[in-house]
There are 2 protein chains.
Amino acid sequence: MTRDEAGFLASYDPRAYDPVAVTVDVVALTIRDGALSVLLVRRAHPPFADAWALPGGFVVAGGADGGGEDLPDAAVRELAEETGLAAADAALDRLHLEQLGTYGAPGRDPRMRVVSVAYLAFAPALPDPAAGGDAADAAWTPVAALGLTAAGAQPPGTTRPLAFDHARILADGLERARAKLEYTPLATAFCAAEFTIPELRAVYEAVWGEELHAGNFHRKVLSVPGFVEGTGGTSDAPGRRGGPRPRLYRAGDARLLHPALLRPSREEEVR
Amino acid sequence: MTRDEAGFLASYDPRAYDPVAVTVDVVALTIRDGALSVLLVRRAHPPFADAWALPGGFVVAGGADGGGEDLPDAAVRELAEETGLAAADAALDRLHLEQLGTYGAPGRDPRMRVVSVAYLAFAPALPDPAAGGDAADAAWTPVAALGLTAAGAQPPGTTRPLAFDHARILADGLERARAKLEYTPLATAFCAAEFTIPELRAVYEAVWGEELHAGNFHRKVLSVPGFVEGTGGTSDAPGRRGGPRPRLYRAGDARLLHPALLRPSREEEVR
DNA sequence: TAAATAGTGTCTTTGAGACACTATTTC
DNA sequence: GAAATAGTGTCTCAAAGACACTATTTA
């Protein structure tokens, strides 16, 4: 650093600017009882007290000398804090986390200018959360129960309206999830370490909201290089309604599916 | 708003938190002389004075009572300010702008904690920029000249090292652009309002960095519903090296290409 | 035994890519 | 005329989806 740069740094006063708060919000998805579900918390404090919202909160900034937390770390911390899931929990180990987008329209938070970085998480079936932090309650909620429109709005009279612009964020997260299942092997992130092809198909059906042809799906999954690899084992199939024991598979080493596994209902094809 | 909420808002002091600055940075791409190029500015002030960087700057926050600017507006403003392109310019009208991602690792800016929301812009050929704002210079730069690796790093000794983590942001923007050409009609955003199929092919070749089969490309583009629509006109083809006059097309009404136009070289297929 | 399910075989249709060819233009 | 290019025809191969079928399990 030159002397000029050092001098500039010393005279720099960040508080001369209007303040902006940075938060993270997490769209955590899982499959519970065959239904795609999102983790929601009930807000204990205003604004939107008692309303349901995505788990999230302020990022620890740290001073000019460092000490702040990185954004993905903040997302995992908020997820753990507000749900009682220990950050060291084995379940959180298998978590897939990716950045979804940033929402910063003026007025989206009545307190002040807040820019929120949203993260999208895929998790295998997790235990019921325990409320913690600023949350009065926490629960996995089937997304179908929220009455979300594709445009990211909830019609008036919805039983569980979301705080802030969280309906918009959730709608974006759902669309991202649906798209990612097409060309990445991330459906395996919703499964346990070992899974069967029918279980994997159930994930696709829950996320896409439509039934898939069992036979063609099976052949397709096995034909995509690196999607899954067999373990040699067989499921012990508790509580099924008949049929042979399906074989067990692990996630393969592919990071992209090629050829992709495209959604059937593409009549819309947004024009 | 309940009285409780109003009381909470009145007592809320945003300055109790460590400050975080929010900036926007723009990866503006265009095709110049057949080469995919990015708009860079030379920084007039520390940190990284005299280094090249993506155009960008602080977001106008506004107070609790509003008055701040939305993030996409800030991106367009920075683009206009630092390049001398008038915001009302017809060229900026045809601009495609989308959010790329948010970069907020502690220490990425030596002054303080800075969270930067990056935007990706596709533009038709634009005039040479004129430096303005905090920029000492501004220029369209062929991305090949920057020696970027796929990992988003620049090898030591690069002629034009980028400030901050802008090499990473640019690499992410390029990969996003390459992917988007596959399944959206955004290649047309690099073209004038009317264009020929060979011009469109040149866009794909510049962004993907490989040659495409002219005949198959032509048939493919016309076979995807809503990609392009004919104008009935014919190019007057100045300065070509022979061959018939190509027909003119406009962008169609499709927002997704189906079937997609996949990149040929997918041997890698990241495992 | 009946019903449900795992997994495979096969046929049809669509689309991608290779190659060939004609027509049109510039040098 | 030679070379380059726009645009079309045609063939082959890969892949998606429909349908059928067998084997295996539960109720």
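Chain A is the first sequence line, chain B the second, and so forth, proteins listed ahead of strands; every chain is numbered from 1.
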> Partners of B:Glu229 by side-chain contact (heavy atoms from CB on, under 4.5 Å), sequence neighbours excluded?
Replying inline: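 Result, side-chain contact (heavy atoms from CB on, under 4.5 Å) vs B:Glu229: B:Arg250.
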What is the separation between atom [atom1] on [X] and atom [atom2] on [N], rounded to the nearest whole Å?
X        : N      : atom1 : atom2 : result
B:Leu212 : C:dA18 : CG    : C1'   : 14 Å
B:Arg245 : C:dT25 : CZ    : P     : 6 Å
B:Asp236 : D:dA6  : CG    : C1'   : 16 Å
B:Phe217 : C:dG15 : CZ    : P     : 17 Å

> Which comes earlier along DNA chain D counting from the 5' end, the contact point of B:His213 or that of A:Ala260, where each point is its nearest nucleotide?
Replying inline: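 Between the two, 5'-proximity favours B:His213.
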> Mapping A:Lys220 and A:Pro244 onto DNA chain D by nearest heavy atom, which one lands closer to the 5' end?
Replying inline: A:Lys220
> For C:dT8, does either OP1 or OP2 sit under 4.0 Å from a side-chain N or O belonging to A:Arg247?
Replying inline: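 Looking at the OP1 and OP2 atoms of C:dT8, one of them is under 4.0 Å from a side-chain N or O of A:Arg247.
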Return the nearest nucleotide to the side chain of [X]; candidates are [options].
X        : options                : value
A:Asn216 : C:dG9, C:dT26, D:dA15  : C:dG9
B:His218 : D:dG7, D:dA16, C:dT5   : D:dG7
A:Pro246 : D:dT5, D:dG7, C:dG7    : C:dG7
A:Arg219 : C:dT10, C:dA18, D:dA23 : C:dT10

Taking only distance into account, with no hydrogens and no angle test, what donor-acceptor pairs under 3.5 Å do side-chain atoms of residues 238-245 of chain B form with protein atoms, sequence neighbours excluded?
from	atom 1	to	atom 2	distance (Å)
B:Arg240	NH2	B:Gly242	O	3.4
B:Arg240	NH2	B:Gly243	O	3.3
B:Arg240	NH2	B:Pro244	O	2.8

> Is a salt bridge present between A:Asp172 and A:Arg176, judged by a nitrogen-to-oxygen distance below 4.0 Å?
Replying inline: no
>> Tell me which pairs pass ring pair (Phe, Tyr, Trp, His ring centres under 6.0 Å) where either residue lies in residues 165-198 of chain B, with sequence neighbours left out.
In response: B:Phe122-B:Phe190, B:Phe164-B:His166
> Which sits closer to the 5' end of DNA chain C, A:Leu222 or A:Arg241, going by the nucleotide each is nearest to?
Replying inline: A:Arg241
> To the nearest 0.5 Å, what is the distance between NZ (B:Lys180) and CG (B:Leu256)?
Replying inline: 8.5 Å
>> Show every side chain to side chain donor-acceptor pair (under 3.5 Å) that has at least one partner inside residues 189-202 of chain B, sequence neighbours left out.
In response: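 Listed once each, the pairs would be none.
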> Applying side chain to side chain donor-acceptor pair (under 3.5 Å), which residue pairs with at least one partner in residues 202-224 of chain B are found, sequence neighbours left out?
Replying inline: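 Residue pairs passing side chain to side chain donor-acceptor pair (under 3.5 Å), neighbours aside: B:Glu210-B:Ser265, B:Asn216-B:Arg219.
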> Heavy atom of residues 195-205 of chain A under 4.0 Å from DNA chain D: which residues?
Replying inline: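 Close to the strand, none.
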